[in-house]
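Within every chain, numbering begins at 1; the chains are lettered A, B, ... in the order of the sequence lines, protein sequences first and strands thereafter.
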Amino acid sequence: MNQQKPSIKQIYLRLRRQQGEQGWWPADSHFEIIVGAVLTQNTAWTNVEKAIQSLKQQNLMTPQAMIACSRPELAKHIRSSGTFNIKAKRLHAISRWYFSHGEFSEISNWPTAKLRRSLLAVHGVGAETADAIILYVFKRPVFVVDAYTKRLFSRLGFVDEDCSYESLRGFFESNLESDAALFGEYHAHIVEHAKHVCKVRPYCERCSLSEYCDFSK
DNA sequence: ACCCAGGGTCATA
DNA sequence: TATGACCATGGG
């Protein structure tokens, strides 16, 4: 370590100063965020954007329209996002879930625990996708953790490199004020930061957090 | 040509 | 419960 260990909040402030406001999640509707969360699974966002544009152009960006669209037809329009047969099935599942529970106005009344349980029961929705929807659609203070978050913060010496998703999520939620807007921007900054770092390691000499890193690892 | 991206499911041991 | 195969496009 080249200097005293910073707080979790200080790292956030540094990223925000360097990268500016992120404004996540970019979308025109709640449902579009849900669709994007599924389409971006293991997929670069640039490829997801094309699929979202295609869906809008075909007037498929509503749960009703998506349910009515056949799986092969749906797959055709999300081709650019990769794994399209799998994702077409997942979009049908999440569309049925969203529509059958009364969409945003009804679901937004649910307590967070019920919302999370319900989402995790939907085919194609795992912990990260569920939390992204809970945070960016329903504005609950749940911290979204991804693979890069784990690599970065274990390199920074805050957590063990093989800690669980839940423990890492708990780490952020207990070391920051419980604020959905803050959590949303923080996760966005971590993802954005990953793009400017060399691919084989979560930091390098040009990394804006390099002075905090433990290069002995 | 290879590796990865804003993961999750399913089969196997 | 813990790995591994699989999905599949587009950019580096």
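- Between A:Arg116 and A:Asp131, the closest side-chain pair of non-hydrogen atoms falls below 4.5 Å.
- A gap of 15 Å separates the P atoms of C:dT9 and B:dA1, to the nearest Å.
- In this view, A:His123 satisfies the ring pair (Phe, Tyr, Trp, His ring centres under 6.0 Å) rule with no residue, not counting sequence neighbours.
- Note: A:Phe171 and A:Phe153 fail the aromatic proximity criterion, with ring centroids not under 6.0 Å apart.
- Here side chain to side chain donor-acceptor pair (under 3.5 Å) pairs that include residues 175-185 of chain A, with residues two or more places apart or in two chains, are A:Lys9-A:Glu177.
- Heavy atoms of A:Ser81 sit nowhere under 4.0 angstrom from any nucleic acid atom.
- Consecutive pairing runs in DNA chain B reach the stem threshold at B:2-5 with C:9-12, B:7-13 with C:1-7, where a stem means at least three Watson-Crick or G-U wobble pairs with distances under 3.5 Å.
- Evaluation of the side-chain hydrogen bond (donor to acceptor under 3.5 Å, both in side chains) rule for A:Trp25 yields no partner, not counting sequence neighbours.
- Counting any heavy atom pair closer than 4.0 Å across all strands shown, A:Ala127 reaches sugar-phosphate atoms only and no base atom.
- Side-chain contact between A:Tyr186 and A:Ile8 is present, with heavy atoms from C-beta onward closer than 4.5 Å.
- A:Tyr12 places none of its side-chain heavy atoms less than 4.5 Å from the side chain of A:Leu176.
- No engagement by A:His187 is indicated, since no non-hydrogen atom pair under 4.0 Å with the nucleic acid exists.
- Legend: residues meeting side-chain hydrogen bond (donor to acceptor under 3.5 Å, both in side chains) with A:Arg140, ordered by chain and number and at least two apart, are A:Thr112.
- A:His30 places none of its side-chain heavy atoms less than 4.5 Å from the side chain of A:Phe138.
- You can see that DNA chain C meets the heavy atoms of chain A within a 4.0 Å-exclusive cut from C:dC7 to C:dG11, reading 5' to 3'.
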Using a 3.5 Å cut-off and no angle test, enumerate the donor-acceptor pairs between side-chain atoms of residues 60-72 of chain A and protein atoms at least two apart in sequence or in another chain.
{"from": "A:Thr62", "atom 1": "OG1", "to": "A:Ala65", "atom 2": "N", "distance (Å)": "3.1"}
{"from": "A:Ser70", "atom 1": "OG", "to": "A:Glu73", "atom 2": "N", "distance (Å)": "3.2"}

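- Under the ring pair (Phe, Tyr, Trp, His ring centres under 6.0 Å) criterion, A:Tyr98 pairs with A:Phe31, sequence neighbours left out.
- Of the residues in residues 83-90 of chain A, those lying under 4.0 Å from DNA chain C by heavy-atom distance are A:Thr83, A:Phe84, A:Asn85, A:Ile86.
- Using a 4.0 Å heavy-atom criterion, one finds that A:Val144 contacts no nucleic acid atom at all.
- Within residues 40-56 of chain A, the residues that place at least one heavy atom under 4.0 Å from DNA chain B are, in residue-number order, A:Thr40, A:Gln41, A:Asn42, A:Thr43, A:Ala44, A:Trp45.
- At whole-Å resolution of the value, CD1 in A:Ile134 and P in B:dG6 are 21 Å apart.
- Comparing B:dG6 with C:dA2, their C1' atoms are spaced 25 Å from each other, to the whole Å.
- A heavy-atom distance below 4.0 Å to DNA chain B is reached by these residues of residues 20-31 of chain A, ordered by number: A:Trp24, A:Trp25.
- When the salt bridge (charged side-chain N to carboxylate O under 4.0 Å, His left out) test is applied to A:Arg79, no partner is found at least two apart in sequence or on another chain.
- If you take CG on A:Leu119 and CH2 on A:Trp97, they are separated by 4.0 Å, rounding to the nearest 0.5 Å.
- With contacts defined as side-chain heavy-atom distances shorter than 4.5 Å, the pair A:Leu39/A:Leu55 qualifies.
- Here CZ of A:Arg155 is found 13.5 Å from NZ of A:Lys150. Values are rounded to the nearest 0.5 Å.
- For the pair A:Thr129 and A:Arg90, the minimum side-chain heavy-atom distance is 4.5 Å or more.
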